[in-house]
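Protein chains get the first letters and strands the later ones, always in sequence-line order, with residue 1 at the start of each.
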Amino acid sequence: MEMDQQPTTDILTVETIHTYIGQFHILEGVSLRVRRGGVTVLLGRNGAGKTTTLKSILGLTPPRQGQVILDGQEIQGKRAFEIAGLGIGYVPEHRAIFRDLSVAENLKIAERRKGDLERRADFIFDLFPDLKRLYKLPGHHLSGGQQQMLAVARALVADNKLLLIDEPSEGLAPVLIEQMMEAIRELSATTTVLLVEQNFIMASQLGEHYYIIDDGRTAHDGAMADLIHDTALIRRYLGASAARVGGEFAARSEQRRGG
Amino acid sequence: MKLKGFWRQNSTFVVLMVLLILLIPLGWITMGQKPFVRTVLSGLTLGALYLMVAAGLTLIFGLMDVLNFAHGAMFMIGAYAGWQFYTNPTFLFGLAPLVFALMTGLAATPLLRPLVIGWPVPEEWQRRLRTFLILLAIAVGVIGVLGLDLRDLAKTAMVSTMVAANPLAEATPQEPLARFWLRPTLLLIAGLLMALAQARPGDQTQIVHRAEQRRGWIALLALLALTVAAVLVREPAAIVVLKMNANWRFALALLVGMLIGGGIGAVMETSLVRPLYVRPFYLVIATSGLAFVLKEVVQFLWDPLPYQMERPPLFAQPGKADSILDWFSAQTTTVDILGVTFPSYRLFIIVLGIVMLLGLLGLMRYTRLGMIIRAGVQDREMVEALGINVRRVFTLVFAMGVGLAALGGIGAAPFIPVEPVMGDRFLMQGFITVVLGGMGSVSGAAVGALLLGLARAFGDYLALKFQLTPAISEASTVIIMAIVLLVRPSGLFGKKE
Amino acid sequence: MNTTTSTSKTRVVTGRFAAWAQQQVGGLLLVIGLILFPFVFSWLYGSPVDSGPPKFWQGQLIVVFITAVYAMSYDLLMGYTGILSFGHAAFFGGGAYAMALFLAHVAPRIASSYRIVGPGGVNVTEIVLLVVGFLAALVVSLLLGLLFSAVSARVKGAYFAMVTLAMAEAIHILSKATDFVRWTGADEGLHGVPVPAWINPIQFRLRFYFVALAFAVVMYLVTRRIVHSPMGRVFVALRENESRARMIGYNPAVYRSLAFVTSAVVAGSAGALYALWTMSATPTMTGAGATVDALIMTILGGIGTLFGPMLGAALMELFGHFFYQWFGARWPLVFGVIFIALVMFLPYGIVGTWQQRSAQLRALLKRASQQRRQDPSDS
Amino acid sequence: MNTSDVILKVCNLRKEFGGLVAVDDVSGRVLAHTLHAIIGPNGAGKTTLFNLMSGTMPPTQGQVFFKNHDITHLPPHRIAHLGIGRSFQITNIFPNLTVLENVRLAAQAMGKDSFKFWHHFRHFQQYEEKAQQIIERVGLQGLAETPASVLSHGDKRKLELGIMLASDPEVLLLDEPTAGMSSEQVPALLEIIHDIMRAGDKTIVLVEHRMDVVMSISDFITVMHQGRVLAEGTPQEIAANEAVQKAYLGALYGDLGLVAEA
């Protein structure tokens, strides 16, 4: 295995991984390359295998075949805590915060070294000012949007070089989606983000590079700027409404260029 | 708003406490002062004992979803270990080098890994090789233990209970060092063979960590030094312990019982429980099988007889103290509490229970480990994803839970007969306690233990009054549990769903 | 026309019978073997059927037959319905105590006042009373089954296991409570139960042997029919996916209590026969040990197979006998270690593992024969 | 609109989980013999609404009516017997039983023979025959004796549908029947749904994630967002509805100025 082909551009390489959950063959050969810096988006229908891809990278559902290379180091087959310890933060879907722990504890538990939280507190409260106000409250008192913010904030406590974020917009009100988008944009300036997102507007606004997962395989990839022009492709894999958003974006970018 | 939230969270607790407080004057008046106080005190004693079993059970269940049916056996093992340490520790000191030697061998696993993963072992032979190595290790280990002075334990135990005044006379002579050193050596080899199997020769899919290597060396050397030390101090240490002040010896016995329990818990989790997490059904069966085996082992070593452990001198001076303050200077067997003559050792059990509860609550509330446990009860996967080694936390919590049960065992030993079945009754009551309080909740277990202890004590009182036997009140605790569960299917403080 | 249809019909019937016999050939051979066993054994051993080792081994097998039914009843609950109950001893012991109490305290009074002698001097009263005793045992275990399922209806998972355990423990405590010593003998148990002379296991061991054998065979057939009935299929559905079973219109609570009651009645009948065999009822029969025995036998033989637990029962009795001879009083230690190893490494039990292996083997053979068939065409 | 045509009605339904309001004061009705789709983005409360209608969860507030009977607090098995069948988004079958047995059990559930323990289950041929028919209808012929757990994902989705059809419900609640299917498998499943509608005696309530599938097959559409009903109407009306466009197409409408094309 050539380990350091492009140590500077790719932070994460996933090579044809196959993942099973019980007897179910969920991933049948997913390959990805995540470039250092910015946001890479995983797109695809419900049940296509996006979440499983994230979990496979992190070792929560370890792949049976294939390779996962983080910063030139093979990490497949390691235990999840070891992989996370190498600098991967994870924001699961459905706002999986610890409901019986306070906001403070939810953040504190993510420390990998003593004092992590103090060091990062300003950055986190800058992104999500609400959390400062709610600091002492137990997690189950938070609203859905606040829980989602806490889940993202939790992944920022430790020094992570890569964040895996799974559907942060799910079930959020439009205003909150906008806030979340801003936050992710801001944090992606310092960290690489691999984002799973169904909301095509959010995905297309944030992502520079995209991968489409379909039926447990990587079906397509490229630059987001190209994808929004390819209405047929979007319609095929993501549905009509996403295609319409893509069309709208394409038209606007044309306009901008024209004007 | 805040009050409403507080009420919603703590309503059960508040209602229960108010009820209990209302019952006090009622009991005081109807029963009369003396019987009432006596009954409350015995209820508290029982509650403390139940808590010691239930705390570990509820922790283990909450975090790992494991119903540990061997918990009662651990209570018993703790009692035997502590009692043995208190009366005649030669056996334990003779065993320690062997255990350390085996651990030393096992600690070599990460060091062997980089050496053996390159071995040219074909894939289909890897498993067979590992099985062979483990069987070989077991054989070597058995040879190492063979002929150890085990059968004399029952005899010395009997003697030491009879001539309690001078236990030194019973310090059995041990095998001479010239012959004994072979045993740890053999166990070291057994441990190394197991380590070799664990390093999975030929399996190149493994990853070798540098950090693990360095830590491995440190652990190996430390354990080796410990083994050598244990071999050397084997005889003198036993004599030192026996010459010690009996109160200190008892305190040390509490610690030793707890540590041995914790050690067994850790071994049990890594060897027996871990492979079965995916099959919870079998976990129940395996732990009850283990309880069965442990009871048999104890009967094999100590004969199936009940023993009575003497009380440490702190609670054994003849006479009665007029108050608790008085007892501190007189150290008498009994204390006068609100007109009731009460055994001072039972007060010690109550205090031990309270200390344990406070320690545990503090641990859960204020330490990082406690935070991880509380988080893990909700979502293990996410805890792991944050970079925390959940598997190690599991082992730790399991060891802790079992250690608490063992501590309960040795604490109870001067108070109830030390016998192979001593854990069974407490396991049953411990389960009821945990179910009452709601599985996974430490404070729930505490309230459950309090309720159950008091219910038993008052039940016994009522049963006697109506000329029934305590058996009836014991059986009726089940009815309490059934009623609670019919109203709240997941216990008083359990999570819904 | 008519004749042809009738012959084809008979052919169908005989064909069906032949197919059935072919399917059951192992079972039939086993039953025939067990019928012949006392005679063959005594002939081989050279001592009469009703004394010495032949009598002893009949006794061993009687225990096997009874515990086999008991283990099977447990599997009906655990293996087929997916209910992990820790209170099974209550049903077994309940049946045993019902039978023993009836024979010891009720039957003699009735027998002394009413005495019917049938043709040939047969004591009809005795037979009727025995049947009534047996029915009493069934009713008691049925009620216990209802009680258990009612109390545990709302609790799930670990709570359920605990509730059943605690209920059984309560019954165990009552069975040895000194309050009822006049009737139950408390700790000692109820001994010297007046079992009707004609079935007395000491005098008429061989007769009892056949009764127990017939009991085991009948109970096996009944249970198998239940498992394969529409109701039994619902049990399996509950085991597989309770919430889905509820969504397609089955009320889980009802079927769970049905499973409980069925299992309790089968276990209670085994307990009643066991009381006759030992002529006693003791607290050990209601104790947690008896539940663990059922569990061990079921796991040993294989969960979810009716025959597995029966085989497990036989193996455990035989192990017990020989281990005692080899290892002395501490034989359970050896057995316990073997059992744990079995749970760890042979989780499907003997019958289960054998079924898996044979399925794998069959698949392998099939593939091999297909290849062989293809090979000539290739070349 | 004649009220007797209303087969399913929900009034002011509300469901809270902890601090989260999943379904927020939802009212609506489903007309008999129509295909009524509920759409909305992830987390809009569609599946929760289904859970409330099929009795899997009790609502915090509000009522559910089936043919003018209040079924709000009936347990799921009673609701199933009344004639409401339901399929699940996450495949929910009896994994270790064969396909035939899966469907047969569902057919048996509606009969009166489930308490009979003295006959072999093969004695009741009618269920077996019905199961065979259904298996063919959902396109699983030849797989009757296969254990359900080894089916491919698409076939499992079909089995899911078959289990529901076997109990012959009047109302079918389909929760994302195409979830996890590849684009090639979807048309076959839609064909089955069309087939059911053509028979004319069933009402389907369909939760879907994707607008394109829904637009082509439904008679009425309810759009949910944030646990609330955003709009209701025929596919044409929905396509023309500006609020729907805004909410459903994304959150940044103000910024982007997306307008419906109608």
note = Most heavy-atom pairs under 4.5 Å with chain B, out of C:Gly289, C:Ala166, C:Ala177, C:Gly336, belong to C:Ala166
query = Crowded around B:Arg425 CZ? As in, over 12 foreign heavy atoms under 6.0 Å?
reply = no
request  = Please indicate whether B:Arg128 has more than 12 foreign heavy atoms, meaning atoms of other residues, nucleotides or ligands, lying under 6.0 Å from its CZ.
outcome  = yes
task = Name the region of B:Ile432, side chain, backbone, both or neither, that has any atom closer than 4.5 Å to a heavy atom of chain C.
result = side chain
query = Non-hydrogen atoms of chain C under 4.5 Å away: do they reach the side chain of B:Leu272, the backbone, both or neither?
reply = both
request  = Considering only heavy atoms and a distance below 4.5 Å, find which of B:Pro304, B:Pro489, B:Ala475 pairs most often with chain C.
outcome  = B:Pro489
task = Give, as side chain, backbone, both or neither, the part of B:Thr287 having an atom under 4.5 angstrom from any heavy atom of chain C.
result = neither
task = Taking C:Tyr159 for its side chain and B:Leu485 for its backbone only, find out whether a donor-acceptor pair lies under 3.5 Å.
result = no
query = Is the backbone N or O of B:Thr469 less than 3.5 Å from a side-chain atom of C:Asp179, with the two atoms forming a donor-acceptor pair by type?
reply = yes
query = Between B:Val66 and chain C, which part of the residue has a heavy atom less than 4.5 Å away: side chain, backbone, both or neither?
reply = neither
inquiry  = Quick check: closest heavy atoms across B:Ala471 and C:Ile173, and the distance to 0.1 Å?
reply    = O-CG2, 3.2 Å
message = Tell me if the CD atom of C:Gln325 is crowded by more than 12 foreign heavy atoms within 6.0 Å.
response = yes
query = Heavy-atom distance under 4.5 Å to chain B: side chain of C:Ile303, backbone, both or neither?
reply = side chain
key: CE on C:Met162 to CZ on B:Phe61, rounded to 0.5 Å   = 8.5 Å
ask   = If you look at every heavy atom in B:Leu67 and C:Ala161, which pair is closest and at what distance?
value = CD1-CB, 4.2 Å
query = Can you tell me if OH on C:Tyr324 sees more than 12 non-hydrogen neighbours from other groups inside 6.0 Å?
reply = no
task = Please examine the side chains of B:Glu296 and C:Val334, heavy atoms only from C-beta on, and report whether any two atoms are closer than 4.5 Å.
result = no
request  = Please look at B:Leu290 and chain C and tell me whether the side chain, the backbone, both or neither of the residue comes under 4.5 angstrom of a heavy atom of that chain.
outcome  = both
task = Could you tell me whether the side chain of C:Arg154 and the main chain of B:Leu486 form a donor-acceptor pair under 3.5 Å?
result = yes
B:Phe69-C:Phe86 aromatic ring centre distance below 6.0 Å = yes
query = Where does C:Val343 contact chain B at under 4.5 Å (heavy atoms): side chain, backbone, both or neither?
reply = both
inquiry  = Taking the side chain as everything from C-beta on, heavy atoms only, tell me whether C:Ile171 gets closer than 4.5 Å to B:Val478.
reply    = no
task = Check the pair C:Met344 / B:Leu276 against side chain to side chain contact (heavy atoms under 4.5 Å, CB included), numbers first and verdict last.
result = CA-CA 8 Å; C:Met344 304 279 289; B:Leu276 295 178; 3.8 Å; yes
query = Would you call B:Phe292 and C:Leu333 a side-chain contact if the rule is heavy atoms closer than 4.5 Å?
reply = no
key: Part of C:Leu165 within contact of chain B (heavy atom distance under 4.5 Å)   = both
task = State, yes or no, whether a side-chain contact exists between C:Val163 and B:Met481 at a heavy-atom distance under 4.5 Å.
result = yes
key: Which portion of C:Lys156 sits near chain B, non-hydrogen atoms under 4.5 angstrom   = neither
key: Audit row: B:Ile472, C:Phe180, side chain to side chain contact (heavy atoms under 4.5 Å, CB included) steps and yes/no   = CA-CA 11 Å; B:Ile472 301 293; C:Phe180 314 114; 4.2 Å; yes
request  = Under 4.5 Å heavy-atom distance to chain B, tell me which part of C:Ala150 shows up: side chain, backbone, both or neither.
outcome  = backbone
